[in-house]
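Take a look at the structure set out below.
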Amino acid sequence: MIGIIGGSGIYNIEGARIIKEINISTPFGKPSSPVVIMDIEGREVAFLSRHGRGHIYPPHLVPYRANLWAFREIGVSRVLSLSAVGGINRKLQPGDYVVISDFIDLTKNRKSTFYEGIRSIRVEGEDKPAKLLREGKVVHIDVSEAYCPQMKTVLYKVLEDLNLPFHAEGIYACTEGPRFETPAEIRAIEKLGGDVVGMTGYPEVVLARELTMCYASLCVVANPAAGISGKRLTSQEVIELMKSKDQEIKLLIKRFVSE
Ligand code: HPA
């Protein structure tokens, strides 16, 4: 099953028939929202709102581990992440799509692994450790190709078919937030090779990989990053741009799921 994580401005997939809502608890607490199983083009798709209904979780407090664990528990094998980003690379215009090819982690204070060495993970109320992890294991996953090449190819096809402006590659720099970056930080990220900046792409991608799920990230450039346009940034402009993309994103999801 495909699981979709919707970011700012994407709190559900309007018009999709809801099959059921799953309220799931994980060893890492509850996910940001119930997982909604939808029928899209005759296929079952799981949807999760990253910031929760009513946008209650700021980027640094999103229960990333619970979200990915919940997806895995209910049988998701491919995760499509949708999010808004600030554009750093001068080729990027607001409204453009970027298929992420690599990331730079600039977060500071997030649990970014399921593998915590000697600390075993137990499901509340059960004696046995959670199913998917071996107790006490130290694991270093390979992230030389963190984003699923097969899912990326499908995204290229769908974006081309719909004639949407997109960039086939892009390096995602993830900052801690919740504040936006300073212009000096953006200049530094640009020197490091970052094309776009966001606050939620990490650790989501590595957690999905730890649970052996394929993961792809499709970003929408919502604004020029701090200092690039000379204007101040507001979260309202990010949400408004994403809202204006509502129909486009819905169409894109339909096509993606059907491929
Ligand atoms: N910075 C960080 N995260 C973001 C931005 C930004 O400029 N725009 C949308 N998400």
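Numbering of ligands and ligand atoms starts at 1, following listing order.
- Between Y202 and Y64, the distance from one ring center to the other does not fall under 6.0 angstrom.
- Annotation for ligand 1: atoms under 4.0 Å from non-hydrogen atoms of G198 are 2 (C), 3 (N).
- Of all atoms in ligand 1, listed by their number and element, those nearer than 4.0 Å to a heavy atom of L233 are 7 (O).
- Per-residue contacts place A84 under 4.0 angstrom from the following atoms of ligand 1 (heavy atoms of the residue considered): 9 (C), 10 (N).
- Taking the six-membered ring wherever Trp is involved, the centroid distance between the rings of F103 and Y172 does not fall below 6.0 Å.
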- Message: Could you walk me through whether R90 and E190 satisfy the salt bridge (charged side-chain N to carboxylate O under 4.0 Å, His left out) test, starting with their C-alpha distance in whole Å, then the side-chain angles of each, then the deciding distance to 0.1 Å, before giving a yes or no?
- Response: CA-CA 10 Å; R90 309 303 151 124; E190 190 172 18; 3.1 Å; yes

- Message: Using the rule given for salt bridge (charged side-chain N to carboxylate O under 4.0 Å, His left out), can you reason through R179 versus E185, listing the C-alpha separation, both sets of side-chain angles and the distance that settles it, and then say yes or no?
- Response: CA-CA 12 Å; R179 65 168 175 82; E185 285 170 332; 2.8 Å; yes

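- To the nearest 0.5 Å, atoms NE2 (H51) and CD1 (I5) are separated by 10.5 Å.
- With a 4.0 Å heavy-atom cut-off, ligand 1 is reached by the side chain of N223 but not by its N, CA, C or O.
- Annotation for ligand 1: atoms under 4.0 Å from non-hydrogen atoms of E181 are 1 (N), 2 (C), 6 (C), 7 (O).
- With respect to atom 5 (C) of ligand 1, the closest heavy atom belonging to the protein is G86 N, 3.4 Å.
- No path of Ile, Leu, Val, Met, Phe, Trp and Tyr side chains, each step under 4.5 Å between heavy atoms, connects M38 with F71, placing them in separate hydrophobic clusters.
- Atom 4 (C) of ligand 1 has its closest protein heavy atom at V197 O, 3.7 Å.
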